[in-house]
Number of protein chains: 2
Amino acid sequence: MDLDKANAALNNPVRRKILDWLKDRSNFPPALAEHADLEGMCVAYIQEKACLSQSTISNYMGLLKQAGLVISERHGQFTFYRRDEDAIRAFLSAVEKELLKP
Amino acid sequence: MDLDKANAALNNPVRRKILDWLKDRSNFPPALAEHADLEGMCVAYIQEKACLSQSTISNYMGLLKQAGLVISERHGQFTFYRRDEDAIRAFLSAVEKELLKP
DNA sequence: TCCATATATCGAGATATCTCGATTTCTCGT
DNA sequence: ACGAGAAATCGAGATATCTCGATATATGGA
């Protein structure tokens, strides 16, 4: 988790919303049968939900990934993104530690 | 505390550093005798520490104030800025609530 | 009232972010 | 090897942020 990159990645309402949507698969259309047991969400579904272009969402997911807030896994033609809960907790701890008075 | 503005204000390393410096008066030169009992720090001292122009720091402090993260108080020609600890805690709670899985 | 000092505001150029459509790359089936 | 679909990368225009110097405003003291 890169604190500066995470800060930057989270400084955008859509990217924050994506991270929120990824908490629960029911925020997206049902998975294809062959993806039923995979974690995470493909770019196309996130794109549809966010109402932004494919390239924008791909870019967003790349930023979230570089920040270390999500994990990506490729399965065939699909890339599945999911939250990195540990990294998110680490980010929150780091921000808290930085902001809170000793 | 405005969550979006706070997010934006904190997305800058110098502004984060300023908030950090403001935790402890000993990060700055000693106060003038007539300011000894006042809370907060004047713009000029913050500017000196940050090595940026006066207008930039005034702008930064305005952003932090609009975000609700600092409180300003004028005393004579000086404006003293200090952390709003309650607002900072509220910001952290809000971010945590937004990011953490239920 | 006039000056000096502290801060705020203004205007502008440099840099970064946003967002898109077009193109490229990757992977699977055929 | 080839075509189709998913995602990544590229290039560019629009918008936002950064940062400055110059100027304006506010305040206290002579």
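Salt bridge status for Arg25(A) with Glu39(A): absent, with no side-chain N to carboxylate O gap under 4.0 Å. Using a cut-off of 4.0 Å between Lys/Arg side-chain N and Asp/Glu carboxylate O, Asp20(B) and Arg15(B) are scored as not salt-bridged. Note on Asp24(A) versus Arg83(A): no salt bridge recorded, every NZ/NE/NH1/NH2 to OD/OE distance being 4.0 Å or above.
The CD atom of Gln77(A) sits 8 Å away from the C1' atom of dA4(D) (whole-angstrom rounding). Protein atom OH of Tyr45(A) is 15 Å distant from nucleotide atom P of dG5(D), rounded to whole Å. The CG atom of Asn7(A) sits 17 Å away from the P atom of dA16(C) (whole-angstrom rounding). As rounded to whole Å, 13 Å separates atom C1' of dT9(D) from atom CD of Gln66(A). When rounded to the nearest whole Å, the span between CD1 of Ile18(B) and P of dT19(D) equals 11 Å. dT27(D) atom C1' lies 7 Å from atom CZ of Arg74(B), rounded to whole Å. Residue Leu64(B) contributes atom CG, which lies 14 Å from atom P of dT17(D) at whole-angstrom precision. Between the CG atom of Asn59(B) and the P atom of dT17(D) there is a distance of 11 Å, rounded to whole Å.
Note: Asn7(B) CG to Asp2(B) CG = 9.5 Å, rounded to the nearest 0.5 Å.
Between Ser55(B) and Ser53(A), the residue anchored closer to the 5' end of DNA chain C is Ser55(B), taking for each the nucleotide with the nearest heavy atom. Judged by closest nucleotide on DNA chain C, Thr79(B) is the one of Gly76(A) and Thr79(B) placed further toward the 5' end.
When heavy atoms are screened at a 4.0 angstrom cut-off, Tyr81(A) is found touching the sugar-phosphate backbone but no base atom. The residue Ser58(A) sits close to a base: some heavy atom pair falls under 4.0 Å. Contacts of Thr56(A) with the nucleic acid, taken as non-hydrogen atoms under 4.0 Å apart, include base atoms. Among the protein residues, Asn12(B) comes within range of the sugar-phosphate backbone only, with heavy atoms under 4.0 Å from sugar or phosphate atoms but none that close to a base. Leu52(B) comes within contact range of the sugar-phosphate backbone alone, with a heavy-atom separation under 4.0 Å but no base atom that close.
Just one residue in the list Val70(B), Leu64(B), Ile71(B) forms a side chain to side chain contact (heavy atoms under 4.5 Å, CB included) with Asp84(B), and that residue is Ile71(B).
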